[in-house]
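First the structure, in the form of structure tokens, and then the observations on it.
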2 protein chains.
Amino acid sequence: MDQVAAAAGVSRATVSRVINNAASVAPGIRDAVQRAITQTGYVPNVAARSLVTRRSDSVALVISEPDRPDDHSFLNRIFTDPYFGRVTAGATAALRPHDVHLVVVPTDASDHHQVIRYLRQGHVDGVLLISSDECDPMPGQVHALGIPAVLSSRPASPLPVSYVDVEQRAGARLAAGHLLARGCRHLATINGPLDIPAAAERLDGFRAAAGQAVPAEAGDFTRAGGEAAAHRLLDAHPDVDGLFVASDLMAEGALRAIQDRGRRVPDDVAVVGFDDSSAALECRPLLTTVRQPVEEMAGEMAELLIAHIDTPGRSPRSVIFQPTLVIRDSA
Amino acid sequence: MDQVAAAAGVSRATVSRVINNAASVAPGIRDAVQRAITQTGYVPNVAARSLVTRRSDSVALVISEPDRPDDHSFLNRIFTDPYFGRVTAGATAALRPHDVHLVVVPTDASDHHQVIRYLRQGHVDGVLLISSDECDPMPGQVHALGIPAVLSSRPASPLPVSYVDVEQRAGARLAAGHLLARGCRHLATINGPLDIPAAAERLDGFRAAAGQAVPAEAGDFTRAGGEAAAHRLLDAHPDVDGLFVASDLMAEGALRAIQDRGRRVPDDVAVVGFDDSSAALECRPLLTTVRQPVEEMAGEMAELLIAHIDTPGRSPRSVIFQPTLVIRDSA
DNA sequence: TTGTAAGCGTTATCAG
DNA sequence: CTGATAACGCTTACAA
């Protein structure tokens, strides 16, 4: 930096001002400094900068998955479910204009501690936390840290923290309404793990619209889990003709199960998914599904976080998005 | 820190020593300081620390995907292909004992610039770079930065940089040998984008073992791409009875295409994949495939990187892994 | 073995 | 509008 100052014939303070394009610097001087910067190939030292500004200009996207007793590692699930890619895309895009970087930090119970330490050390200015499991201690821990944070869904136990969510019940109702409207008489559903609030709400919303007695079988938000659940469901209720599956990935598995049994979709069994992820387009037939505006939601999370970072005492708030129905070929 | 020093009745220097468990500190003092630390809930300030040590104790995993002209965003591909999860898992595990953090940075051409800036600013001590496309400028740019780096495969244009790779040709030969041994007479292959060196080498190795005239159809390393390629292949060569598909994800699509045409696997057409990713277990029948030890490879990348960080002038080296054949039901 | 003191490279305050 | 100068919180010779 001294080099630049010398080359431009000004003081370090002035160099600093043009770098942070601060208030008033004489245009002539500014240009000279700019030239000197490119000429010397100067790059500001982030450590020194954030030592004084107390900002790192980066935020973490923490994807916290609980340990589940299956053979797939949590990383496999994260990197296999299109949902997380959409969140990353949405957050990255929203953060760019603010000039803050996004670092993705996947974690499960085994390295919660490491991640918490990372956050405490102040590597990032705030955290976008994706955590669906109700038992996950991460939201509480992050909140206890006192670092700005925004959650991707309503926290299981009430926490004074901002979050973004989609109206899960409304989405499930949309699915039920569509199935009923197309004439299905025997509805059923494949729900996600009920310790995930979103999964519970989808089931709840579906039953509210389709009847409390509707048969439900539990999947685990994976393709294989959806397939297995569909088999169990069809064994127990062979007459099902309308099926709501709580995620597209599970729906893809369910479609396979239904077709393996020689039943046609949507003629014998109509199927509606949830998410409108890329998996919906991988399905045959193309999946009718409830769309969550995931990218927009992630963008909103990013904006909320930036606001909290810029305005320390800001009161938490939540933004709820409405789902929509995307009609394709499966129902 | 002054608080801790006061509480323990020592100087800041001593506190610093116990934190970095430096050489010699009297056991009594050390304990007193430890107590003072937990008592005051002291957390070192990373910015201040790395300002002087010039280390951030974190490294970036940069996943660089080229822009491809399809409707799937690159983030969707990254978060949909199990390969990247395995890399992340392997690297994280290897890094843990060194106490360095991993930040995942997905990127495509549109934000290369941002990422390069991030790296230049010294947020991380080094980078693990996953870049398969031969035209990708990222490896060159990262190398030009002069920051320690390790690549996930042999660089397309020779670069004095350490890398880890698998013997691609040997893997393809394994597949060819297995298909031939089980009596297949009409072999064919679905290859990946040939601008990706690994894809070209797999094709090359397969032809070397199975004959140069073997029909090949190109996919794009996605499930849908594999499916489409298989349809084209079966249209042009209905007599194919042994198929090598250059990735498990594409093989999953190919299996679907073959079965959609009423042909049985492995009886009518035997199929061998490549990767041994979780997709191989999603297939019906379970996929016989060439296994890359991805986690181990990622671990090795991490170790190489740490070595380069700790020993600045260290000469680049490459570590090549041997693939193995995992025989399941599809061939 | 422990303490003292000198930076590390910025930004920010305050004069000029 | 610009330039000194004092922090920022830590590590690390060097001295004791």
**Study point:** Interatomic distance, B:Arg17 CZ vs D:dT12 P [rounded to whole Å]
**Key:** 10 Å
Exercise for review: Would you indicate what B:Ala26 reaches in the nucleic acid, counting non-hydrogen atoms under 4.0 angstrom: base, sugar-phosphate, or nothing?
Suggested key: sugar-phosphate
Practice item. Measure the distance from CZ on B:Arg120 to C1' on C:dG9 and round it to the nearest whole Å. Key: 16 Å
Review point. Looking at B:Thr14, does any N or O in its side chain come under 4.0 Å of the phosphate oxygens OP1/OP2 on C:dT2?
Key: no
Exercise for review: Verify the distance criterion only: is there a donor paired with an acceptor across the side chains of B:Asp165 and B:Ser153 at less than 3.5 Å?
Suggested key: no
**Study point:** Geometric class of the B:His123/A:His101 ring pair [parallel <30°, tilted 30-60°, perpendicular >60°]
**Key:** perpendicular
Check your understanding: Is A:Val43 touching bases, backbone alone, or none of the nucleic acid, heavy atoms closer than 4.0 Å?
Key -> sugar-phosphate
Point to revise | Phosphate OP1/OP2 of C:dC8: any A:Asn45 side-chain N/O under 4.0 Å | key: no
Check your understanding: Picking from D:dC8, C:dT2, D:dG3, which would you name as closest to the side chain of A:Val52?
Key -> D:dC8
Practice item. To the nearest Å, give me how far apart CG (B:Leu51) and P (C:dG9) are. Key: 7 Å
Point to revise | A:Val25 side-chain proximity, nearest of C:dG9, D:dT2, C:dT4 | key: D:dT2
Check your understanding: Taking atom C1' of D:dT12 as reference, at what distance in whole Å does atom CE of B:Met1 sit?
Key -> 11 Å
Exercise for review: Answer whether the closest heavy-atom distance between the side chains of B:Phe321 and B:Gln292 falls below 4.5 Å.
Suggested key: no
Check your understanding: Which part of the nucleic acid does A:Val46 contact within heavy-atom distance under 4.0 Å: base, sugar-phosphate only, or nothing?
Key -> nothing
Check your understanding: Does a salt bridge link B:Asp111 with B:Arg117, judged by any charged N lying under 4.0 Å from a carboxylate O?
Key -> no
Check your understanding: So what does A:Arg12 touch, heavy atoms closer than 4.0 Å: a base, only the sugar-phosphate, or nothing?
Key -> base
Exercise for review: Classify the side chain of B:Arg54 and the base of C:dG9 as holding, or not holding, a donor-acceptor pair under 3.5 Å.
Suggested key: no
Practice item. Indicate whether OP1 or OP2 belonging to C:dG9 is found under 4.0 Å from a side-chain N or O atom of A:Arg49. Key: no
Point to revise | Nucleotide C:dT11, atom P - distance to CG of A:Asp2 in whole Å | key: 12 Å
Practice item. May I ask you to test the A:Ser278-A:Arg86 pair for a side-chain heavy-atom distance under 4.5 Å? Key: no
Practice item. Name the nucleic acid region contacted by B:Ile19, choosing base, sugar-phosphate or nothing; use a 4.0 angstrom heavy-atom cut-off, strictly under. Key: nothing
Review point. Touch check for B:Ser16, heavy atoms < 4.0 angstrom, all strands: base, sugar-phosphate only, or nothing?
Key: base
